[in-house]
Amino acid sequence: MPELPEVETIRREIAPFVKGKIISGLEIKDPRNIKGISPALLEKKLAGKKILGVDRRAKYLVFPLSPAGFLVVHLGMTGRLLFAPDPYLKVTFVFKGGEKLYFSDARLFGKIRYFDADPPLDLGPEPFSKEFTAQKFGEMLAKKKTSIKLVLLDQKILSGVGNIYANEALFRAGILPKRRADDLSETEVKKLHKAILDVLEEAIEKRGTSDSWYVDASGKKGSFQERLQVYGRKGEPCFKCKTPIERISLGQRGTYFCPKCQK
DNA sequence: ACCTAAACCTGGGCGC
DNA sequence: TGCGCCCAGGTTTAGG
């Protein structure tokens with residue numbers, strides 16, 4: 001599923017392609033990913049607008065438009081932005097000159113939105129921003145009584161981390177997913193803070209995790225799935241201590257950990 | 001205010 | 001081979 005590293009990989013790939021292009025229209029094969037605006041009005045709002053660039057805010061892609069407006073795309077779980085269509089094509093963005101960018105989404109959890117003004121996405125700090133310090137992270141965690149795993153998935157606390165990287169960061173920090181967030185020691189908070197940044201950085205370097213659906217805009221898989229240490233490894237031996245990786249459900253999500261390496 | 005759980009979706013994997 | 005069941009989970013919404 002696309003989390004920060006996957007969305008960032010796509011952003012870097014499509015930015016040079018779309019920047020400066022003028023949207024001439026949409027080809028809507030299935031309108032169900034278009035949210036908060038009718039397909040007809042979306043097309044009217046986009047037609048004739050120039051794309052100024054592509055920003056990433058957590059897992060969202062934001063396309064600022066000229067003379068005004070913002071196109072916002074969230075890939076959900078199986079959403080894709082592609083240079084060539086695939087079998088799950090839903091919406092095609094057509095540019096002046098005839099070039100196209102394709103949005104596909106098998107499970108329809110992705111969202112295409114439009115805002116006249118800067119989109120209010122209600123997100124917590126970006127992991128790579130200067131606001132995300134170990135100290136501030138600790139202050140936020142101290143207010144949360146729920147499990148650290150669920151706090152990492154809360155986009156209002158820290159934005160961009162999803163299920164795969166939450167699991168992996170907790171393994172790297174040696175912290176059990178069900179530990180209460182407000183129970184972590186200062187040392188643990190620092191380790192977790194570093195683990196989050198490290199795992200996201202490495203995953204961007206590897207162009208994301210193609211565990212199931214994710215591919216980049218060219219249709220190519222990432223390679224971070226080869227580096228996963230706990231996610232999806234239920235019953236398989238921990239790479240550090242050989243203890244079988246366990247799977248529990250937290251917040252209705254698959255949660256993987258090593259019962260020996262994580263405390 | 002805070003937290004939990006259901007709902008949204010459907011392709012793919014699995015068991016029979 | 002084919003059918004049916006169940007799982008995957010980011011975000012929103014509803015309920016406690």
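In this text, all values refer to a predicted model and were calculated from it rather than measured experimentally. Note that these values count all heavy atoms, side chains included, but never hydrogens, waters or copies made by symmetry. Numbered from 1 within each chain, the chains take letters A, B, ... in sequence-line order.
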**Student:** Have a look at A:Gly254 and say if it touches a base, only the backbone sugar-phosphate, or nothing, with a 4.0 Å heavy-atom cut-off.
**Tutor:**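 Since only primed, P, OP1 and OP2 atoms lie under 4.0 Å of A:Gly254, the category is sugar-phosphate.
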**Student:** Using whole Å, report how far CD1 of A:Ile248 lies from P of C:dA8.
**Tutor:**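 Whole-Å distance recorded here is 13 Å.
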**Student:** Would you call A:Arg56-A:Glu126 a salt bridge at under 4.0 Å N-O?
**Tutor:**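 A salt bridge is present here (some side-chain N lies under 4.0 Å from a carboxylate O).
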**Student:** So, is A:Tyr165 near the phosphate of C:dG9, with a side-chain N or O under 4.0 Å from OP1 or OP2?
**Tutor:**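 Negative; the distance criterion is not met.
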**Student:** Nearest to the side chain of A:Thr146, heavy atoms from C-beta on, is which of C:dA8, B:dC3, C:dG10?
**Tutor:**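 Closest of the options to the side chain of A:Thr146: B:dC3.
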**Student:** Measure from NZ or CZ of A:Arg233 to the centre of the six-membered ring of A:Phe239 and say whether it is under 6.0 Å with the direction within 45° of the ring axis.
**Tutor:**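 So A:Arg233 does make the cation-pi contact.
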**Student:** Flag the pair A:Tyr256 / A:Tyr231 as yes when their ring centroid distance falls below 6.0 Å, and as no otherwise.
**Tutor:**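 Yes, they do, as the ring centres are separated by less than 6.0 Å.
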**Student:** Distance check needed: B:dC2 C1' versus A:Lys143 NZ, whole Å only.
**Tutor:**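 Value for this atom pair: 14 Å.
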**Student:** Starting at atom CG of A:Leu89, determine the distance to atom P of B:dG11, rounded to an integer number of angstrom.
**Tutor:**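 Rounded to the whole Å, the gap is 14 Å.
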**Student:** Starting at the 5' end of DNA chain B and moving along, which residue's nearest nucleotide shows up first, A:Leu150 or A:Tyr88?
**Tutor:**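 Its nearest nucleotide being more 5', the pick is A:Leu150.
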**Student:** Could you write out each protein N or O paired with an N or O of nucleotides 5-9 of chain B at a distance under 3.5 Å?
**Tutor:**
unit_1 : atom_1 : unit_2   : atom_2 : d
B:dA6  : OP2    : A:Gln252 : NE2    : 3.1
B:dA6  : N7     : A:Gln252 : OE1    : 3.2
B:dA6  : N7     : A:Gln252 : NE2    : 3.3

**Student:** Quick one: sort the A:Tyr60 and A:His74 rings into parallel, tilted or perpendicular, breaks at 30° and 60°.
**Tutor:**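 Perpendicular: the ring planes of A:Tyr60 and A:His74 meet at over 60°.
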**Student:** Does the pair A:Asp118/A:Arg57 count as a salt bridge with the N-to-O cut at 4.0 Å?
**Tutor:**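 Yes, charged N to carboxylate O under 4.0 Å.
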**Student:** Any side-chain N or O of A:Lys156 less than 4.0 Å from the OP1 or OP2 oxygen of C:dT11?
**Tutor:**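 So the side-chain polar atoms of A:Lys156 never come under 4.0 Å of the phosphate oxygens OP1 or OP2 of C:dT11.
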**Student:** Rounded to the Å, how far apart are A:Leu75 CG and C:dG9 C1'?
**Tutor:**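 About 14 Å, once rounded to whole Å.
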**Student:** For the helix from B:dC2-C:dG16 to B:dC16-C:dG2, measure the angle between the helix axis at one end and the axis at the other, each built from five pairs, rounding to 10°.
**Tutor:**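 Comparing the first five pairs with the last five, the axes sit 50° apart.
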**Student:** Mark yes or no for whether A:Ser159, through its side chain, and A:Gln155, through its backbone, hold a donor-acceptor pair below 3.5 Å.
**Tutor:**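 No: the side chain of A:Ser159 does not pair with the backbone of A:Gln155.
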**Student:** C:dG10 phosphate, OP1 or OP2: any side-chain N/O from A:His74 under 4.0 angstrom?
**Tutor:**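 Looking at the OP1 and OP2 atoms of C:dG10, neither is under 4.0 Å from any side-chain N or O of A:His74.
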**Student:** Just the rounded figure in Å: distance from P of C:dT11 to CG of A:Asp122.
**Tutor:**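 Roughly 12 Å, once rounded to whole Å.
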**Student:** Can you tell me if NZ on A:Lys21 sees more than 12 non-hydrogen neighbours from other groups inside 6.0 Å?
**Tutor:**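 More than 12 within 6.0 Å, yes.
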**Student:** Measure the distance from CG on A:Leu250 to P on B:dC3 and round it to the nearest whole Å.
**Tutor:**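 Between P of B:dC3 and CG of A:Leu250: 15 Å.
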**Student:** Contact class for A:Arg247 (heavy atom, under 4.0 Å): base, sugar-phosphate, or nothing?
**Tutor:**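 Here A:Arg247 touches the backbone only, sparing every base.
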**Student:** Among A:Lys149, A:Glu168, A:Arg253, which residue satisfies the side-chain hydrogen bond (donor to acceptor under 3.5 Å, both in side chains) criterion with A:Asn163?
**Tutor:**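 Exactly one candidate clears the test, A:Lys149.
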**Student:** Is the shortest side-chain heavy-atom distance between A:Lys90 and A:Asn33 below 4.5 Å?
**Tutor:**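 Yes, their side chains come closer than 4.5 Å.
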**Student:** Starting at NZ of A:Lys111 and ending at C1' of C:dT12, how long is that distance when rounded to a whole Å?
**Tutor:**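 Taking atom C1' of C:dT12 as the reference, NZ of A:Lys111 is at 7 Å.
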**Student:** Rounded off to whole Å, could you give me the CG-to-P distance for the A:Asp30 and B:dG11 pair?
**Tutor:**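 It is 11 Å, rounded to the nearest whole Å.
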**Student:** Run the salt-bridge test on A:Lys191 and A:Glu188 with the 4.0 Å N-O cut-off and return the result as yes or no.
**Tutor:**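 Looking at A:Glu188 together with A:Lys191, the answer is no, because their closest N to O distance does not fall below 4.0 Å.
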